[in-house]
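Take a look at the structure set out below.
All heavy atoms count here, side chains included; hydrogens, waters and symmetry mates do not. Proteins come first, then strands; the chains are lettered A, B, ... in the order of their sequence lines, and each starts at number 1. The structure displayed is predicted, hence computed values, not measured ones.
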2 protein chains.
Amino acid sequence: MMTIGKLGRAAGVKVPTIRYYEDIGLLPEAERSAGNQRLYPDSMLSRLCFIRHARELGFPLDAIRDLLRLAAHPDQPCEAADQIAGEQLAAVRARIGQLKALEGELARMVASGAHGTVGECRVIEVLGNHALCARDHGAGAGVFA
Amino acid sequence: MMTIGKLGRAAGVKVPTIRYYEDIGLLPEAERSAGNQRLYPDSMLSRLCFIRHARELGFPLDAIRDLLRLAAHPDQPCEAADQIAGEQLAAVRARIGQLKALEGELARMVASGAHGTVGECRVIEVLGNHALCARDHGAGAGVFA
DNA sequence: CCTAATGTCTCTAGTGACTGGAGGTTCAAG
DNA sequence: CTTGAACCTCCAGTCACTAGAGACATTAGG
């Protein structure tokens with residue numbers, strides 16, 4: 001049996017975060033010592049590590065909740081786990097795509113190098129450029145020729 | 001002068017978001033009609049578009065606040081704007097790097113394909129793998145050989 | 001056995017950037 | 001004049017924590 005601090009250090013998770021996980025039901029309510037301090041069995045370390053890894057991979061807590069439920073039933077088919085991971089992979093790939101587009105735009109902004117004044121500043125200019133304000137007010141607003 | 005709904009549609013920003021921007025001081029307090037409804041001059045559209053573009057590029061609102069202040073003084077040197085954009089670019093690149101690592105790990109998890117049961121499921125297995133729980137409890141916990 | 005330092009407890013509130021709803025008022029069209 | 005959309009304020013919720021206040025518990029050293 002270990003205290004919350006030891007558990008946190010072992011798993012690489014901060015103490016308030018563990019209490020938060022208990023609050024939201026991701027970890028079961030811990031046993032308590034005579035002095036009302038939480039005490040965890042070693043098995044909690046695995047569970048918490050599982051959660052940490054999943055968080056590092058960007059899984060939202062709701063998905064982790066599902067994964068934990070699945071992990072508790074090793075005899076059942078694992079399609080659901082595959083699906084969750086697949087969705088996460090798709091989300092990550094989509095985000096990478098978006099960020100690469102942004103990177104390109106930012107790089108162009110910055111690349112123009114040192115200009116004198118804000119008036120000539122490409123950063124400000126690009127951000128203020130109405131032509132980029134594309135999506136919806138091209139139709140009637142008269143901004144587009 | 002336009003109402004908040006028109007402004008929102010023109011800029012591609014939802015109405016409550018505009019009110020939120022006013023709350024936090026990113027937009028000035030709007031004039032009001034006789035019936036207490038917000039009225040905006042056309043210049044507000046540029047400002048809001050500026051904000052939207054910057055948000056799409058991932059700038060945090062605080063950075064946008066700074067950029068707006070800068071944009072208001074076209075005669076001053078624009079080093080500050082360049083620096084903000086440079087920081088944002090660095091942040092985006094760092095995030096892309098992280099996400100690519102995650103993508104690799106997720107892809108490997110998912111790639112193993114259809115297994116029968118959760119017991120053999122690579123997704124669950126990888127997440128529960130103590131060896132990945134590397135950072136801090138390799139020292140004394142005995143998990144590492 | 002006492003003390004000091006550290007660890008833990010609960011509770012509340014804050015973060016960022018919105019989003020949504022309730023319950024009420026105002027406006028424009030027919 | 002009535003209907004329905006758009007607007008108003010205020011409050012609460014989202015996600016995943018993080019920080020702080022003020023009090024109790026535990027542990028190591030003297």
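Closest contact between the side chain of B:Arg19 and the listed nucleotides C:dT8, C:dC9, D:dC7 involves D:dC7.
Taking side-chain N and O atoms only, B:Arg38 has no distance below 4.0 Å to OP1 or OP2 of D:dC7. The phosphate of C:dT25 has neither OP1 nor OP2 within less than 4.0 Å of any side-chain N or O from B:Arg32. Phosphate contact (OP1/OP2 of D:dA6, side-chain N/O of B:Thr3, threshold under 4.0 Å): absent.
Distance, A:Ile4 CD1 to D:dA25 P: 17 Å, rounded to whole Å. Per the geometry, NZ belonging to A:Lys6 stands 9 Å off P belonging to D:dT27, to the nearest Å. Rounded to whole Å, atom C1' of C:dA17 lies 17 Å from atom CD of B:Glu22. One can place CD of A:Glu29 at 13 Å from P of C:dC9, the figure rounded to the nearest angstrom.
B:Gln83 and B:Glu79 form no side-chain donor-acceptor contact under 3.5 Å, judged by distance and modelled atom types alone.
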(message) Please encode protein proximity along nucleotides 11-24 of chain D as a string of B, S and -, counting only heavy-atom distances under 4.0 Å.
(response) -----BBS------
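Annotation: side chain to side chain donor-acceptor pair (under 3.5 Å) contacts of A:Asp23 (sequence neighbours excluded): none.
Comparing the start and finish of the helix from C:dC1-D:dG30 to C:dG30-D:dC1, five pairs each, the helix axis swings through 10°, to the nearest 10 degrees.
Nearest heavy atoms, A:Phe50 versus B:Ile124: CE1-O, 3.7 Å.
Remark on DNA chain C: of its neighbouring residues B:Ala34 and A:Asn36, the 5'-side contact belongs to A:Asn36, judged by nearest-heavy-atom nucleotide.
Rounding to the nearest 0.5 Å places CE of A:Met2 at 10.5 Å from CG of A:Leu39.
Counting heavy atoms from C-beta outward, B:Ile4 and B:Gln37 have side chains that stay 4.5 Å or more apart.
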